[in-house]
Amino acid sequence: MSDSRTHATEAMPTPPSGPLFVEIKLQARPGRTEAAEQALQKIVTPTRANPGCLEFRVLRYRDDPRAFTLLEHWTSMAATDAHGESDYMADYLATREENFEVRSVSFLHELQPPTPTT
């Protein structure tokens with residue numbers, strides 16, 4: 001007889017090294033939408049200037065102006081860690097709780113990255 005708990009307790013595979021994507025879903029707290037938008041705008045330029053950042057986008061939902069999604073593409077997990085420890089992120093994180101409810105944070109890797117064309 002098979003133990004049904006086996007599948008639930010199996011270790012997840014180690015995530016691959018190399019580039020990864022991060023998707024963060026945020027909801028501005030009531031009455032904090034303008035402050036939330038300003039906080040996000042402050043981190044766009046320094047994040048994009050980060051040498052490990054391949055792409056950084058802040059998206060706002062058309063049907064819910066309090067909802068935002070951050071789409072990030074990084075060279076490695078170490079690059080995301082360095083980004084998180086930067087001075088500009090420390091300033092952002094100091095007010096994040098006041099401005100946002102964090103809905104979700106997802107780390108993703110691409111199964112088959114596109115092949116560069118020449």
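Residues Leu20 and Leu108 have side chains not in contact (no heavy-atom distance under 4.5 Å, counting atoms from C-beta outward). Residues Val22 and Leu70 have side chains not in contact (no heavy-atom distance under 4.5 Å, counting atoms from C-beta outward). The shortest side-chain heavy-atom distance between His73 and Pro19 falls under the 4.5 Å cut-off. Looking at Lys25 and Ser106, their side chains never come closer than 4.5 Å, going by heavy atoms from C-beta outward.
Note on residues 23-72: no pairs pass ring pair (Phe, Tyr, Trp, His ring centres under 6.0 Å), not counting sequence neighbours. Listed by first and then second residue, the salt bridge (charged side-chain N to carboxylate O under 4.0 Å, His left out) pairs involving residues 74-87 amount to none (not counting sequence neighbours). Within the structure, every pair that satisfies the salt bridge (charged side-chain N to carboxylate O under 4.0 Å, His left out) test and touches residues 31-47, not counting sequence neighbours, is listed here: Arg32-Glu98, Glu37-Arg60. For residues 83-106, the pairs satisfying ring pair (Phe, Tyr, Trp, His ring centres under 6.0 Å) are Trp74-His83, His83-Tyr88, with sequence neighbours left out.
Residues Leu40 and Val44 are members of one and the same hydrophobic cluster, defined by side-chain heavy-atom contacts under 4.5 angstrom among Ile, Leu, Val, Met, Phe, Trp and Tyr. By the rule that hydrophobic residues join a cluster once side-chain heavy atoms approach within less than 4.5 Å of another member, Ile24 and Phe21 end up as members of separate clusters.
Shown here for Ala36 and Ala28, the closest heavy-atom pair between the two residues is CB-CB, 3.7 Å. Between Leu93 and Gly84, the closest heavy-atom pair is CD1-O, 4.2 Å. Between Asn99 and Ala39, the shortest heavy-atom contact is ND2-CB, 4.0 Å.
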task: Could you go through the side-chain contact (heavy atoms from CB on, under 4.5 Å) check for Leu54 and Thr75 one step at a time?
output: CA-CA 7 Å; Leu54 300 170; Thr75 57; 3.7 Å; yes
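Evaluation of the side-chain hydrogen bond (donor to acceptor under 3.5 Å, both in side chains) rule for Glu23 yields no partner, not counting sequence neighbours. Take Asp63 and apply the side-chain hydrogen bond (donor to acceptor under 3.5 Å, both in side chains) test, not counting sequence neighbours, and it matches no residue. Applying the salt bridge (charged side-chain N to carboxylate O under 4.0 Å, His left out) rule to Arg29 yields the partners Glu97, Glu101; only residues at least two apart in sequence or on another chain are considered. Residues that satisfy the side-chain contact (heavy atoms from CB on, under 4.5 Å) test with Val102, not counting sequence neighbours, are Leu26, Arg96, Val105. In this view, Arg57 and Glu55 satisfy the side-chain hydrogen bond (donor to acceptor under 3.5 Å, both in side chains) rule, not counting sequence neighbours.
Members clustered with Leu59: Leu71, by chain and number, using a 4.5 Å side-chain heavy-atom cutoff among hydrophobic residues.
Checking side-chain atoms of Arg66 against main-chain N and O of Gln27 turns up no donor-acceptor pair under 3.5 Å.
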